[in-house]
Visitor: 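Submitted below is the structure of interest, expressed as structure tokens.
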Amino acid sequence: MRIGLDMLEEARMARLISREHFMERVFTPGERDYIFSKGQGAAQTAAGLFCAKEAYAKACGRGIEVVLGEMPEIRHDENGQPYFDIDGSSVSITHTGGIAAAVVILPEERSPRA
């Protein structure tokens, strides 16, 4: 099993979500729809999803720029719980005091290496 962790200030993401190129490069269309459905909470939501993507890349042992094209989409179940659209991975996202954080656990067989 491999574990990745990331943290990000939500204020930083608030500046980035207005940049269309950034949003299209980092988030899938489904993720963007989810982010912008949150209205005033869009920056907080985007920060959490970005942390999950960074944590996924770290769990893979690679940089986010390398794995963005092959990264699974982050979806949410009927209770709002995030999950990657692949089997066997786990993601947990949290927010507190203007900081978003995420932990990703990948089973060894889901841990691509460069």
Side-chain angles (χ1 to χ4, degrees):
M1 141 176 58
R2 295 186 177 272
I3 300 172
L5 168 70
D6 193 60
M7 297 174 59
L8 175 69
E9 292 178 342
E10 293 167 0
R12 181 173 175 214
M13 185 57 66
R15 294 186 298 273
L16 292 171
I17 64 171
S18 64
R19 298 180 183 168
E20 187 174 337
H21 175 73
F22 170 80
M23 295 299 290
E24 289 178 355
R25 185 172 52 96
V26 173
F27 299 107
T28 67
E31 291 166 344
R32 291 193 305 270
D33 288 346
Y34 183 78
I35 289 165
F36 291 117
S37 76
K38 297 300 181 179
Q40 295 287 32
Q44 180 184 51
T45 300
L49 294 181
F50 186 82
C51 285
K53 289 175 175 285
E54 282 276 8
Y56 179 89
K58 290 173 181 178
C60 291
R62 299 162 70 189
I64 193 167
E65 293 294 332
V66 175
V67 297
L68 270 178
E70 61 194 59
M71 188 173 293
E73 183 172 57
I74 300 169
R75 298 185 183 178
H76 295 80
D77 67 17
E78 62 278 355
N79 297 316
Q81 178 67 33
Y83 67 93
F84 285 105
D85 64 353
I86 58 173
D87 294 329
S89 67
S90 298
V91 60
S92 180
I93 300 171
T94 190
H95 307 270
T96 186
I99 301 288
V103 174
V104 170
I105 300 172
L106 299 178
E108 195 63 38
E109 64 272 9
R110 291 283 187 195
S111 303
R113 298 290 276 171

Visitor: Report yes if the side chains of Cys60 and Leu106 come closer than 4.5 Å at any heavy-atom pair, otherwise no.
Guide: yes
Visitor: Give a yes or no on whether the backbone of Glu73 and the side-chain of Asp85 come within a donor-acceptor separation of less than 3.5 Å.
Guide: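 Between the backbone of Glu73 and the side chain of Asp85 there is a qualifying donor-acceptor contact (under 3.5 Å).
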Visitor: Closer than 3.5 angstrom, by distance alone: can the side chain of Asp77 be matched with the main-chain N or O of Asn79 as a donor-acceptor pair?
Guide: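 Yes; judged by distance alone, with no hydrogens or angles, the pair exists.
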Visitor: Taking C-beta and beyond as the side chain, do Lys53 and Val26 meet within less than 4.5 Å on heavy atoms?
Guide: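 Yes - at least one pair of side-chain heavy atoms lies under 4.5 Å apart.
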Visitor: Check the pair Glu10, Ile99 against side chain to side chain contact (heavy atoms under 4.5 Å, CB included), reporting the backbone distance first and the verdict last.
Guide: CA-CA 6 Å; Glu10 293 167 0; Ile99 301 288; 5.9 Å; no
Visitor: Please lay out, stage by stage, how Val103 and Ile3 fare under the test side chain to side chain contact (heavy atoms under 4.5 Å, CB included).
Guide: CA-CA 7 Å; Val103 174; Ile3 300 172; 4.1 Å; yes
Visitor: Please state whether the rings of Phe27 and Phe22 are parallel, tilted or perpendicular, taking 30° and 60° as the class boundaries.
Guide: perpendicular
Visitor: How close do Gly48 and Ala102 get, counting heavy atoms only, and between which atoms?
Guide: O-CB, 4.3 Å
Visitor: Evaluate the criterion side chain to side chain contact (heavy atoms under 4.5 Å, CB included) for residue pair Asp6 and Lys58; output intermediate values, then yes/no.
Guide: CA-CA 8 Å; Asp6 193 60; Lys58 290 173 181 178; 2.8 Å; yes
Visitor: How long is the gap from CD on Glu9 to CZ on Arg15, to the nearest 0.5 Å?
Guide: 8.0 Å
Visitor: Mind listing the closest non-hydrogen atom pair of Ala52 and Ile74 along with its distance?
Guide: CB-CD1, 3.6 Å
Visitor: Please tell me whether Tyr34 and His76 form a close aromatic pair, meaning their ring centres lie under 6.0 Å apart.
Guide: yes
Visitor: Evaluate the side-chain proximity of Ile105 to Arg2: yes if any heavy-atom separation is below 4.5 Å, no if none is.
Guide: no
Visitor: Looking at every heavy atom in both Pro82 and Val91, which two are closest together, and how far apart are they?
Guide: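 Closest pair (atom of Pro82, atom of Val91, distance): O-CG1, 3.4 Å.
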Visitor: Would you kindly confirm whether Tyr83 and Leu49 end up in one hydrophobic cluster when ILVMFWY residues are joined by side chain heavy atoms under 4.5 Å apart?
Guide: no
Visitor: What distance do Met13 atom CE and Ser18 atom OG have between them, rounded to the nearest 0.5 Å?
Guide: 11.0 Å
Visitor: Side-chain contact test, heavy atoms from C-beta onward, threshold under 4.5 Å: evaluate it for Ile35 versus Met23 and give yes or no.
Guide: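 Of all side-chain heavy-atom pairs linking Met23 with Ile35, at least one is under 4.5 Å.
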Visitor: Under 3.5 Å, side chain of Glu31 to main-chain N/O of Thr28, donor-acceptor pair present?
Guide: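 Looks like yes, one N/O pair under 3.5 Å.
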Visitor: Is Met7 reachable from Ile17 through a run of hydrophobic residues whose side-chain heavy atoms are each under 4.5 Å from the next?
Guide: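 No, no single cluster joins them.
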Visitor: Using 0.5 Å steps for rounding, measure from the CZ atom of Phe84 to the CE atom of Met71.
Guide: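 Going from the CZ atom of Phe84 to the CE atom of Met71 covers 6.5 Å.
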Visitor: So, are Glu24 and Arg32 salt-bridged, with charged N and O less than 4.0 Å apart?
Guide: no
Visitor: Verify the neighbour count for atom CZ of Arg19: are there more than 12 heavy atoms of other residues, nucleotides or ligands below 6.0 Å?
Guide: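 Atom CZ in Arg19 is not packed in, count stays at 12 or less.
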